[in-house]
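So the structure is just underneath, and the comments pick up after that.
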Amino acid sequence: MENADIAKIFYEIADLLEIKGENPFRVRSYRNAGIVIEGLPESVKAIVERNEKELEEIPGIGKSIHEKIVEILKTGRCSYHQELLKEFPSGLLELLRVQGVGPKKVKLLYEELGIKNISDLEKAASAGKLRGLPGMGEKTEANILKAIKGLKGSEGRFKIAVALSYAEPLVEYLKKAPDVFDVQPAGSLRRWKDTIGDIDILVTCKKSAPVMDRFAAYPDVDTVVAKGETKSTVILKNGLQADVRVLDKKAFGAALQYFTGSKQHNIAIRDRAKRMGLKLSEYGVFREKDDKWIAGESEEDVYKAVGLPWIPAELRENRGEIEAAEKNKLPELVEIKDIKGDFHIHTKESDGSNTIEEMAEYAMKKGYKYIAITEHSKAVGIAHGLDEKRLLKQIEEIEKINAKFEALNLKFKILKGTEVDIKADGSLDLDKKVLEKLDIVVGAVHSRFNMTEDEMTNRLIKAIESGIVNIIAHPTGRLIAAREPYPLNMKKVMEAAKRNNVIMELNAYPDRLDLNDIHCKLAKDIGVMVAISTDSHNKMQMENIRFGVYTARRGWLEKEDILNTRPLNDVLKMLKLQGQV
DNA sequence: GCCGTTTTCGGCCCGACTGTTTTCAGTCG
């Protein structure tokens, strides 16, 4: 039972209660519990095994949900959840995924027409059977049919790199509308979440109508879902939703704050405002008693009005940032300009497409001071991994290039490294004598993902305790939207890393982002150093560093928490610390 | 169901847009 499985049960309880028409705040409690559990850095199972009482220290988990968690861990299910499920047919919950269909409509459709799933709904809407129901007409039918079609077409969330590639041109396009002052992306994009549900864009301008018209006419638009004076929504041809909000300059800060989210953060901030006798909306901060406008022009003003310093967007997940802000203890987050090198680079020798020198020259152009060449090892045959002989040859080549750079008085160093495979039993894929000749050893799992949590945890810990491995690459093996992370007790792995001065990689490749934000925070709490690496297979991919840096920021990491913000000499010193437990 | 610098009871974020309505409910973010 992973956290995600437990969270799913609570989400379903919330949905079912909502369909039943239960108290909305009770519904919210269950949904909130799901969100909180999904965001925990540690498995609920491990927490309960250590000390059950700790559960109720987690905000949003009280007596009732505590009991249900314990039951779920013990029996694999929750009897309350099961009872609710019995009240409705199994396909009913999927109806909520149809845009424009919420709990009230689900209930109505089920009770009046016996609609039990999406397929029933599609048939009924096509046959014009919905229009007789209260509050539903022809247009509702057409919208439902369209939404079902959209649901079948594209699913769920987009990787941040993909979303950005659509958002950036759209922002440029909107800037060309008449009399526009400013166009700013907000939402999960501004928070740099690893996946993005939709693109949120804010516009300040003289007149709204021309901007909204231009937005609706964007060539990439498939459907205009809503078009109003202040807010419009479209679906792009790739299925991505984009919202544009037009607002007054005077409300820009409040709107940016509101539209950036997260929802959980906003709820907490608004609750705070309320307790101070204020009301916070996207139009500003107002005094509750007489509706007097207090602030809203800039985000700084908004936070100041509720007694807080400005909080960086990446931290706004209600994971302690408000409490930290209160105490003036917000982290000074790492920035892209702090990065001085990259410890995970492939070349043509394995499965990359540039030479060592090409990669080094590109890194120099970026202002880096060092890179490590880290090819796959022989076990990864598909990537043309190197055996000991080829690696020894590459060591010689790197030394030659370094000598050449030195002769040219270039202050840049190529570190001799490898991305050595960590085999199923935790042993390394290359001979120890050869590994000891390297400056840096990155260890990674590329096979046998289907182990149990204990097996995989021990596999990584064995590599960490080898005294040879410096960095554990992409620690969970996840590929966003393609492959789940393998089961792992991350806390145990990190504690082992801490004991052995081993560094955890934050792989910046946008499909990986592994460590994720939550793991980064865990690393910080445990005191493990993180390396942000691009895993570049060609020189352009070094630009992916930004996805890594912003994920690190989401995980509260500061410059000093990151290995590759340090000058080369410090790096070499830290690498030497290893194996001296 | 959760929670507490007004509270262990009585609150719980706030507003836009749509489609159906003659003033509003439902959905969404």
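Bear in mind that the values here come from a model prediction, so they are computed numbers and not experimental data. Each chain gets a letter, A, B and so on, in the order its sequence line appears, and its residues count up from 1.
Straight-line distance from the CD1 atom of A/Ile322 to the P atom of B/dC13: 13 Å, rounded to whole Å. The nearest whole Å value for the distance from the CD1 atom in A/Ile19 to the P atom in B/dG26 is 14 Å. Rounded to whole Å, atom C1' of B/dT5 lies 17 Å from atom NZ of A/Lys274. Look at CD on A/Glu18: it is 10 Å from P on B/dC28, rounded to the nearest Å. The distance from atom NE2 of A/His265 to atom C1' of B/dC14 is 15 Å, rounded to the nearest whole Å. The interatomic distance linking A/Glu282 (CD) with B/dC28 (C1') rounds to 12 Å, in whole Å. To the nearest angstrom, C1' of B/dA25 lies 15 Å from CG of A/Leu133. With rounding to whole Å, A/Arg131 atom CZ is found 17 Å from B/dT21 atom C1'.
Remark: A/Gln241 is in phosphate contact with B/dG29, judged by side-chain N or O atoms under 4.0 Å from OP1 or OP2. Between A/Thr230 and B/dC17 there is a side-chain polar atom (N or O) within less than 4.0 angstrom of OP1 or OP2. Of the side-chain N and O atoms in A/Arg270, none sit less than 4.0 angstrom from OP1 or OP2 of B/dC13. Phosphate contact (OP1/OP2 of B/dC17, side-chain N/O of A/Lys231, threshold under 4.0 Å): absent. Contact check, A/Asn143 against B/dG19: a side-chain N or O comes under 4.0 Å of OP1 or OP2. Within the structure, a side-chain polar atom (N or O) of A/Arg28 is placed less than 4.0 Å from OP1 or OP2 of B/dC13. Contact check, A/Tyr30 against B/dC2: no side-chain N or O comes under 4.0 Å of OP1 or OP2. Contact annotation: A/Ser64 side-chain N/O to B/dG1 OP1/OP2 distance is under 4.0 Å.
Nucleotides B/dT22 and B/dG26 place their P atoms 14 Å apart, quoted to the nearest Å. Between B/dG4 and B/dT8, the distance separating the two P atoms is 13 Å to the nearest Å. Taking atom C1' on both B/dG19 and B/dT23, the two are 13 Å apart, rounded to the nearest angstrom. Annotation: B/dG11 and B/dT18 have their P atoms spaced 34 Å apart (nearest Å). Comparing the same atom, P, in B/dT21 and in B/dA25 gives a spacing of 14 Å after rounding to whole Å. Comparing B/dC12 with B/dT7, their C1' atoms are spaced 13 Å from each other, to the whole Å. Taking atom C1' in both B/dC28 and B/dC13, one finds a spacing of 14 Å when rounded to whole Å. Spacing between B/dC9 and B/dA16 at atom C1', rounded to whole Å, works out to 33 Å.
The listed nucleotides are B/dC13, B/dC2, B/dA16; the one nearest the side chain of A/Phe25 is B/dC13. Distances were taken from every side-chain heavy atom of A/Ile267 (C-beta onward) to each of B/dG1, B/dC13, B/dT27; the shortest belongs to B/dC13. With distances taken from any side-chain atom of A/Ile65 to the nucleotides B/dC2, B/dC14, B/dG19, the minimum falls on B/dC2. Of the candidate nucleotides B/dC3, B/dG15, B/dT27, B/dG15 has the atom nearest to the side chain of A/Lys279. When each of B/dG1, B/dA16, B/dG26 is scored by its nearest atom to the side-chain atoms of A/Tyr283, the top-ranked nucleotide is B/dA16. Out of B/dG1, B/dA16, B/dT20, the shortest distance to the side chain of A/Arg245 is found at B/dA16. Of the listed nucleotides (B/dA16, B/dC14, B/dG26), B/dC14 has the atom at the smallest distance from the side chain of A/Ser281. Among the nucleotides B/dC12, B/dC2, B/dC14, the one closest to the side chain of A/Ser29 is B/dC2. Comparing B/dC2, B/dG29, B/dC3 against the side chain of A/Pro59 picks out B/dC3 as the nearest.
Classification of A/Glu326 and A/Arg272 as a salt-bridged pair holds, one side-chain N sitting under 4.0 Å from a carboxylate O. Salt bridge status for A/Lys63 with A/Glu56: absent, with no side-chain N to carboxylate O gap under 4.0 Å. A salt bridge links A/Lys524 with A/Glu558: at least one charged nitrogen is closer than 4.0 Å to a carboxylate oxygen. Between A/Arg287 and A/Asp291 there is no salt bridge, since none of the side-chain N atoms of the basic residue sits less than 4.0 Å from a carboxylate O of the acidic one. Comment: A/Glu12 engages A/Lys8 in a salt bridge, judged by a side-chain N to carboxylate O separation of less than 4.0 angstrom. We find that A/Glu300 and A/Lys304 are not joined by a salt bridge, their nearest charged nitrogen and carboxylate oxygen being 4.0 Å or further apart.
Within the nucleic acid shown, A/Glu138 comes within 4.0 Å of sugar-phosphate atoms alone, with no base atom in reach, counting heavy atoms only. Within the nucleic acid shown, A/Pro24 has no heavy atom closer than 4.0 Å to any nucleic acid atom. The residue A/Glu67 sits apart from the nucleic acid: no heavy atom pair falls under 4.0 Å. Within the nucleic acid shown, A/Val246 has no heavy atom closer than 4.0 Å to any nucleic acid atom. As judged by a 4.0 angstrom heavy-atom cut-off over every strand, A/Lys263 is placed among the base-contacting residues. At a threshold of 4.0 angstrom between heavy atoms, the contacts of A/Val27 with the nucleic acid are absent. When heavy atoms are screened at a 4.0 angstrom cut-off, A/Ile269 is found touching no nucleic acid atom at all.
Take the nearest nucleotide of DNA chain B for A/Gly62 and for A/Asp271: the residue whose nucleotide is more 5' is A/Gly62. Place A/Lys139 and A/Glu229 on DNA chain B by their nearest nucleotides, and A/Glu229 ends up nearer the 5' end.
Searching all strands for a Watson-Crick or G-U wobble partner of B/dA16 with both distances below 3.5 Å returns B/dT27.
Between A/Tyr550 and A/Trp192, the ring-plane angle classifies as parallel under the 30° and 60° cut-offs.
For B/dG1, its base sits under 3.5 Å from the side chain of A/Asn23 at one donor and acceptor pair at least. Between the side chain of A/Tyr258 and the base of B/dG29, at least one donor-acceptor pair of N or O atoms lies under 3.5 Å.
Side-chain contact between A/Gln184 and A/Arg190 is absent, with no heavy atoms from C-beta onward closer than 4.5 Å.
In this structure, the side-chain contact (heavy atoms from CB on, under 4.5 Å) partners of A/Asp15, at least two apart in sequence or on a different chain, are A/Glu18, A/Arg31, A/Leu93, A/Leu96.
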